[in-house]
J.: 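The structure is given below, and queries will be raised subsequently.
Note that this is a predicted model, so its numbers are computed, not measured. In what follows, chains carry the letters A, B, and so on, assigned in the order in which the sequence lines appear, proteins first and then strands, with residues in each chain numbered from 1.
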There are 2 protein chains.
Amino acid sequence: MARQQLLLAQFLPYRLSIAMQAVSEGLALRYSQEFGISIPEWRIIATLGENSEMTARDIAVHARMNKTMVSRAAADLVRRRIVTRRTSREDRREAFLRLTRQGEDIYAAIVPLALDYERGLTAGMSGAEVAMLRRLLDQLLGQADKAAEKLASEKSAAADTAAAE
Amino acid sequence: MARQQLLLAQFLPYRLSIAMQAVSEGLALRYSQEFGISIPEWRIIATLGENSEMTARDIAVHARMNKTMVSRAAADLVRRRIVTRRTSREDRREAFLRLTRQGEDIYAAIVPLALDYERGLTAGMSGAEVAMLRRLLDQLLGQADKAAEKLASEKSAAADTAAAE
DNA sequence: GAAAATTAGTTGCATATGTAACTAATGGCG
DNA sequence: CGCCATTAGTTACATATGCAACTAATTTTC
């Protein structure tokens, strides 16, 4: 029986990680200095650009950020008058965030940059390949989430067993 | 003329980032507590598992890590006797790193975990799809690197122009 | 062959990020 | 109504990470 082999260069989590890093850095370079926007800030701006008004919680769910990161990045965007915060009347714990006029301008300026960058990334691919890539990435995400849930449920089951002893 | 639109959920850099994050976290969960190994440490172990002896510099190039990260993770692995360091005779600046017996045991224990995890990730895909995913990720990386180089050369050209003024 | 430039690796420092604890507000349930 | 649990959001703290400056060794250049 042959021993299982692992080649890091072929290993999917590794390839995903290095591709992501190169892609993210490349994109961030294009807007970070010019607009003084960090990656988490860009995610918030992009999310608010699509859905005019959202709470921090909704942004966190929608953009897969943790709530600490949203809180901090949003606070800075508010300070810089790129985003406004408006406390909800119905539930005074939550606050609606919205792009200011300036925020909309920044969004409008970054969108073409981002789309252009994306086009460059997929330069050598057919439309079908790009679609396939999107689909396969989505499947990876789905399977990773599924594996995480499974692990979590095993863990809580083990904790229950321990507690019952 | 229709204004260009961006949908974050469809945007490749974003999808890549969230898929990578879920995949990396899921994998790290499987070895981090049990073996007390961080992601950078795992990269070094995996690299040394393939190439028995390497310098920190070679590991950094091979595993796309920056030299600070390699230096720090390697120092910790040496401290924990998972890796040994041997200064080169020919060039006393560099040192060869190598897995200890214990390091090899850890590598041998993690490899099946990692491969199993990878199999789970690609559970719903055909072999051709997995191969295509690898290829497309590689193309993304290549294009991102190319874009980075282009940006860097433009920048240095601009610096030269400024210096000449 | 000595000074200057380069390279391997480490470390100081500033920043980024996640977890957990916290505050403030709301909802559930007796 | 009043207590307990839950939730939105912030913050304290510990850790992670990258850049730049550094040391030590080697190579290049004149």
J.: Are A:Ile82 and A:Phe96 in one and the same hydrophobic cluster, where Ile, Leu, Val, Met, Phe, Trp and Tyr link if side-chain heavy atoms are under 4.5 Å apart?
T.: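 No, A:Ile82 does not connect to A:Phe96 through the hydrophobic network.
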J.: Under 4.0 Å, counting only non-hydrogen atoms across every strand here, what does B:Ala74 touch: a base, just sugar-phosphate, or nothing?
T.: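 Nothing: the residue B:Ala74, judged by heavy atoms under 4.0 Å, touches no strand.
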J.: Roughly, in whole Å, what's the span from CD in B:Gln21 to P in C:dT17?
T.: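 Checked: the CD to P distance equals 10 Å.
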J.: Can you tell me if the side-chain N/O atoms of B:Arg72 get under 4.0 Å from OP1 or OP2 in C:dG12?
T.: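 So the side chain of B:Arg72 is outside the cut-off, no N or O lying under 4.0 Å from OP1 or OP2 of C:dG12.
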J.: Would you check if A:Arg43 and A:Met69 make a side-chain contact, meaning some heavy-atom pair closer than 4.5 Å?
T.: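 No, side chains not in contact.
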J.: Atom CG of A:Asp91 to atom C1' of C:dG27: distance rounded to whole Å?
T.: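 Going from CG in A:Asp91 over to C1' in C:dG27 covers 10 Å.
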J.: If you walk 5' to 3' along DNA chain D, what is the first nucleotide with an atom under 4.0 Å of a heavy atom in chain B, and what is the last?
T.: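 Answer, 5' to 3': D:dT17 to D:dT26.
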J.: If we only count heavy atoms from C-beta on, is the A:Arg57 to A:Glu94 side-chain gap below 4.5 Å?
T.: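 In short, these two side chains do not touch, never coming nearer than 4.5 Å.
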J.: Could you check how far CD of A:Glu94 sits from C1' of C:dA24, rounded to whole Å?
T.: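 It is 13 Å, rounded to the nearest whole Å.
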J.: Taking CE from A:Met69 and P from C:dT15, how many angstroms apart are they, rounded to a whole number?
T.: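 Whole-Å distance recorded here is 18 Å.
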J.: Check whether A:Met132 and B:Leu121 end up in the same hydrophobic cluster, where Ile, Leu, Val, Met, Phe, Trp and Tyr are linked by side-chain heavy atoms less than 4.5 Å apart.
T.: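 Yes; B:Leu121 is reachable from A:Met132 via cluster members.
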J.: Map A:Thr68 and B:Asp58 onto DNA chain C by nearest heavy atom, then report which one ends up closer to the 5' terminus.
T.: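 Result: B:Asp58.
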J.: Take the protein atom CZ of A:Arg64 and the nucleotide atom P of C:dT17, then report the distance between them rounded to whole Å.
T.: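 It works out to 18 Å between those atoms.
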J.: A:Leu97 and side-chain contact (heavy atoms from CB on, under 4.5 Å): which single residue from A:Leu48, A:Leu77, A:Asn51 fits?
T.: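 Testing A:Leu97 for a side-chain contact (heavy atoms from CB on, under 4.5 Å) against A:Leu48, A:Leu77, A:Asn51 leaves exactly one candidate, A:Leu48.
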J.: Please report, rounded to the nearest Å, how far the P atom of C:dT17 is from the CD1 atom of A:Ile44.
T.: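 Going from A:Ile44 (CD1) to C:dT17 (P), I get 11 Å.
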J.: Side chains of B:Ser88 and B:Asp91: is there a donor and an acceptor less than 3.5 Å apart?
T.: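 Note: B:Ser88 and B:Asp91 side chains miss the donor-acceptor criterion.
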J.: What nucleic acid atoms does B:Ser38 come within less than 4.0 Å of, heavy atoms only: base, sugar-phosphate, or nothing?
T.: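 Nothing, no nucleic acid heavy atom in range.
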J.: Tell me what A:Glu90 touches on the nucleic acid: a base, only sugar-phosphate, or nothing, going by heavy atoms under 4.0 Å.
T.: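 Sugar-phosphate, backbone atoms only, no base.
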J.: Which residue, B:Arg89 or A:Arg57, contacts DNA chain D at a nucleotide closer to its 5' end, judged by nearest heavy atom?
T.: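 Between the two, 5'-proximity favours A:Arg57.
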J.: Nearest whole angstrom, please: distance from the P of C:dT6 to the NZ of B:Lys67.
T.: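 Rounding to the nearest Å, NZ of B:Lys67 and P of C:dT6 are 14 Å apart.
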J.: In terms of hydrophobic clusters joined by side-chain contacts under 4.5 Å, are B:Val61 and A:Phe11 together?
T.: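 The answer is no; the residues belong to distinct hydrophobic clusters.
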J.: Take the protein atom CZ of B:Arg92 and the nucleotide atom C1' of C:dT7, then report the distance between them rounded to whole Å.
T.: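 Roughly 15 Å, once rounded to whole Å.
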